[in-house]
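Working notes for the structure below.
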Amino acid sequence: MKRFFIAAAAVAMLTAATSTAQEPSSQDFKARYETMVSKLGPAGVGIETLINKWEAAYPEDLEMLTARFSYCFNKSQTANVEVKEASKYLGEKPVLTLKDTTGNDINYFQVISYDDELFGQAQKAIDKAIQVAPDRLDLRFLKTASLIGYENESPDMALSSLKGLVDYNFTRHPKWEYPGVEKADDEFFTSAIQEYCYLFFKYGTPTSFEAFRQLSEKMLAYRPSDVLFLDNLGSYYLVVAKNSKTALKYYNKVLKIKPDDMTAIKNLVILARNSKDVKLEKKYLPMMIKYTEDAATRMSAEKRLEFLNGSK
């Protein structure tokens, strides 16, 4: 009887070992997922079934959650070609321009529309991924990028997400991780936020300009001497608000901190020229000549200064 129990136990252990060996690991699922995506695209046939099996086995696996996000986000999109009266849409040129019978341009732009339910599922997946790994900065930016795409001309949710992220960064001081980036420090974070500011400005809509202003002001609340965001506000008041006096204030503040800041200097010259303020232009042209590294810009500034000074 004793030998029978020993044999039965051995069989049970062998059966358990075989079962374990046959169950795919998280890395197995990831490898199969990556292979399918490479062949079928991020929302290809069969990928959702694989992700469902992956989730059943590893419900809080970070790679699975980002795969779910990618699948739902890409699946939610439909590309359409639409006619727009403007020469640019969200800062981009038309994919095609034709002439009508009167010779006027008809501009065709690619516009992405979204299925709300699938987009919501994507947000649910990325939010859970952020809960699992709150200091993975790439996940935060994935969420923001998806919101920007979804909202198009009116990035209200994207702005709210970014402002919350700025608060989190400067109040909690997380040790950010960003795959492929060796040092995701404050300077990296700041540069990334500036890229979003640039994108909002490039979109060129009333709501995106407002997002540009608010995000710049949010950063200055924590970094009051950061010339990147002081320049941003100068540009906002110069280009959007058409308030030269306030723009001048911001650009001069930049030059007190960084006298060779070419963004401020160039825009101050433009401001002076637009205002037909010769005295002001003569003040900033020498700075452009002194600090620019571009020979053509220097030569143009020298000739302009000579002209203003009445020289030949």
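Given the structure is predicted, the values throughout are model-derived calculations rather than measurements. Along the sequence shown, residues carry numbers from 1. Below, all heavy atoms of this structure are taken into account, side chains as well, without hydrogens, waters or symmetry copies.
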Side chain to side chain donor-acceptor pair (under 3.5 Å) between Tyr251 and Thr263, worked out = CA-CA 9 Å; Tyr251 288 135; Thr263 298; over 6 Å; no

key: Parallel, tilted or perpendicular: rings of Phe119 and Tyr150 (30°, 60°)   = parallel

query = Hey, quick one: are Leu165 and Leu139 part of the same hydrophobic cluster, counting side-chain heavy atoms closer than 4.5 Å, chains of contacts allowed?
reply = no

request  = Tell me whether the guanidinium CZ or amine NZ of Lys84 lies under 6.0 angstrom from the six-membered ring centre of Phe109 and within 45° of its axis.
outcome  = no

inquiry  = If I take atom CD from residue Gln123 and atom OG from residue Ser161, how far apart are they, to the nearest 0.5 angstrom?
reply    = 8.5 Å

message = So that I know where these two stand, are Tyr196 and Phe141 an aromatic pair - ring centroids less than 6.0 Å apart?
response = yes

ask   = Which one of Asn169, Asp186, Asp185 satisfies the side chain to side chain donor-acceptor pair (under 3.5 Å) criterion with Trp176?
value = Asn169

message = Check the orientation of Tyr33 and Trp54. Use parallel for under 30°, tilted for 30 to 60°, and perpendicular for over 60°.
response = tilted

task = Looking only at non-hydrogen atoms, find the nearest pair between Glu293 and Arg298 and report the distance.
result = CA-NH2, 4.0 Å

ask   = Do the ring centers of Phe209 and Phe201 come within less than 6.0 Å of each other?
value = yes

query = Is there a path from Leu162 to Met157 through hydrophobic residues (I, L, V, M, F, W, Y) whose side chains come within less than 4.5 Å of each other?
reply = no

Gln110 and Tyr89: CA distance, side-chain angles, deciding distance, side chain to side chain donor-acceptor pair (under 3.5 Å) verdict = CA-CA 9 Å; Gln110 179 172 285; Tyr89 175 67; over 6 Å; no

query = Checking Ser160 side chain against Asp156 main chain: does a donor-acceptor pair fall under 3.5 Å?
reply = no

task = Begin with the C-alpha distance, continue with both residues' side-chain angles, and end with the deciding distance and a verdict on side chain to side chain donor-acceptor pair (under 3.5 Å) for Ser25 and Asp28.
result = CA-CA 5 Å; Ser25 68; Asp28 291 333; 3.1 Å; yes

ask   = If you look at every heavy atom in Phe188 and Lys183, which pair is closest and at what distance?
value = CB-O, 4.0 Å

query = Are Val278 and Leu248 connected in a single hydrophobic cluster, I mean Ile/Leu/Val/Met/Phe/Trp/Tyr linked by side-chain heavy atoms less than 4.5 Å apart?
reply = yes

Cluster check Leu142, Ile148: I/L/V/M/F/W/Y, side chain < 4.5 angstrom = no

key: Closest non-hydrogen atom pair, Ser216 against Asn232   = OG-ND2, 3.1 Å

ask   = In Å, rounded to the nearest 0.5 Å, how long is the span from CD1 of Ile130 to OG1 of Thr66?
value = 11.5 Å

ask   = Can you name the residues that form a ring pair (Phe, Tyr, Trp, His ring centres under 6.0 Å) with Tyr222, not counting sequence neighbours?
value = Phe170

request  = Dump the intermediate steps for salt bridge (charged side-chain N to carboxylate O under 4.0 Å, His left out) on Asp167 and Lys218, then the final yes or no.
outcome  = CA-CA 8 Å; Asp167 285 332; Lys218 171 63 75 170; 3.1 Å; yes

Shared hydrophobic cluster for Tyr236 and Leu228 (ILVMFWY, side-chain gaps under 4.5 Å) = yes

inquiry  = Ring-plane angle category for Phe69 and Phe73, please: parallel below 30°, perpendicular beyond 60°, tilted otherwise.
reply    = parallel

request  = Check whether any side-chain heavy atom of Glu195 lies under 4.5 Å from a side-chain heavy atom of Leu199, and answer yes or no.
outcome  = no

key: Charged tip of Arg140 within 45° of Tyr168 ring normal and under 6.0 Å   = yes

request  = Could you pull out all residues at least two apart from Glu63 that satisfy salt bridge (Lys or Arg N to Asp or Glu O under 4.0 Å)?
outcome  = Lys30

task = Calculate, to the nearest 0.5 Å, the distance between atoms OG and CD1 belonging to Ser70 and Ile51 respectively.
result = 7.5 Å

